[in-house]
Amino acid sequence: IHQIMQMALEGTRVVIITGKEETLLKKYAGVNLGNIHLRREMILKLQGKEYLITDNPVADHRGVLAKKLNSLTKRLWSLRQATGNLLSLIPGKSKKRNTSSLLKYLHAGPPSPEKVDAFETFSANYAVKRGFSAIVCGKIRQPATRSLKIGEKSISYFNAGDWIHHLSALEFSGGKWEIYKYNDLDFGLPNPRLKVTDEKTERLEDIFIVRKPLSADS
């Protein structure tokens with residue numbers, strides 16, 4: 001976050017595409033804060049080609065009624081959680097442990113190949129219906145740069161993956177998109193002062209024995 005903020009302060013245009021979990025940020029989609037822009041989707045033009053960037057085409061494809069029902073369901077669930085939190089304050093009521101979305105994602109693991117294939121095919125069809133020949137997604141979190149055939153049209157599909165399970169990012173460099181994989185060697189050797197010493201291999205301190213000076217009578 002600090003790196004992105006620093007880039008924005010130095011003049012880099014930063015566009016944040018809000019996803020499903022960013023409920024609070026979604027309310028402010030369309031807001032510009034200096035060089036930081038909040039958007040639900042973005043059309044990026046590079047070398048004469050347009051790329052549709054969106055988090056989840058499946059959610060965007062839903063009709064107005066489905067989106068309102070989904071919003072109502074979330075509100076009812078939030079109300080239920082709030083009521084449960086109030087009841088937990090009553091003496092004798094047990095408190096339930098809530099698991100954060102991040103912890104759930106950490107334990108969920110990568111999606112199955114069937115889910116990945118279904119998501120990629122749907123995203124490619126979604127791009128064709130919107131009139132695009134390239135789409136960049138993030139929902140399935142499976143890094144990929146491939147070409148998919150939808151009827152007679154060829155669609156370029158890209159996914160950045162994530163920084164938790166895959167340590168990956170999507171970069172446009174040298175005139176093409178590439179998947180970046182984190183590597184310690186890209187950042188040089190670690191500073192030895194920052195290395196944590198294992199207690200078992202910790203060097204023992206030297207012991208000095210100080211003797212009382214002998215008197216002249218002894």
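Just the heavy atoms: all of them, side chains too, but no hydrogens, waters or symmetry mates, feed the values below.
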Derivation and outcome, side chain to side chain contact (heavy atoms under 4.5 Å, CB included), residues F119 and N56:
CA-CA 9 Å; F119 179 83; N56 188 4; 3.6 Å; yes

Can you find a heavy atom in the side chain of K115 that is under 4.5 Å from one in the side chain of Q142?
no

OG1/T145 to CG/L170 distance, rounded to the nearest 0.5 angstrom?
8.0 Å

When rounded to the nearest 0.5 angstrom, what is the spacing between CE in M7 and CZ in R13?
13.5 Å

Can you see which heavy atom on A144 is nearest to which on I179, and at what distance?
N-CD1, 3.9 Å

Taking the side chain as every heavy atom from C-beta outward, state whether M5 and I36 have any atom pair closer than 4.5 Å.
yes

Are any of the side-chain heavy atoms of I135 and Y51 separated by less than 4.5 Å?
no

To the closest 0.5 Å, what do you measure between CG (D162) and OG (S168)?
5.5 Å

CG-CD1 distance between D55 and I140, expressed to the nearest 0.5 angstrom:
10.5 Å

Should we say atom NZ of K181 is surrounded by more than 12 heavy atoms from elsewhere, each under 6.0 Å from it?
yes

Is there a path of hydrophobic side-chain contacts, each under 4.5 Å between heavy atoms, that joins Y28 and I4?
yes

Output the distance between atom CH2 (W163) and atom OH (Y182), rounded to the nearest 0.5 Å.
7.5 Å

Side-chain heavy atoms of Q47 within contact of F172, under 4.5 Å:
yes

Review item, side-chain donor-acceptor pairs of residues 153-161, under 3.5 Å, at least two apart:
{"unit_1": "S154", "atom_1": "OG", "unit_2": "S147", "atom_2": "OG", "d": "2.7"}
{"unit_1": "S156", "atom_1": "OG", "unit_2": "K49", "atom_2": "NZ", "d": "3.2"}
{"unit_1": "Y157", "atom_1": "OH", "unit_2": "N159", "atom_2": "ND2", "d": "3.1"}
{"unit_1": "N159", "atom_1": "OD1", "unit_2": "G161", "atom_2": "N", "d": "2.9"}

Of all heavy-atom pairs linking V116 and P111, the shortest is CG2-CG, 3.7 Å

I need the minimum non-hydrogen distance between T54 and I17, along with the two atoms involved.
CA-CG2, 4.3 Å

Using a strict cut-off of less than 4.0 Å between a Lys/Arg side-chain nitrogen and an Asp/Glu carboxylate oxygen, indicate whether E41 and R39 qualify as a salt bridge.
no

Single-linkage hydrophobic cluster L33~V14, side-chain heavy atoms < 4.5 angstrom
yes

Candidate pair H37 and M42, rule side chain to side chain contact (heavy atoms under 4.5 Å, CB included), full reasoning:
CA-CA 10 Å; H37 311 271; M42 176 185 178; over 6 Å; no

Inter-residue atom distance R130.CZ - L52.CG, 0.5 Å rounding:
5.0 Å

Mind checking whether T121 and L148 have side chains closer than 4.5 Å, heavy atoms only?
no

Considering only heavy atoms from C-beta outward, does the side chain of E171 approach that of W177 to under 4.5 Å?
no

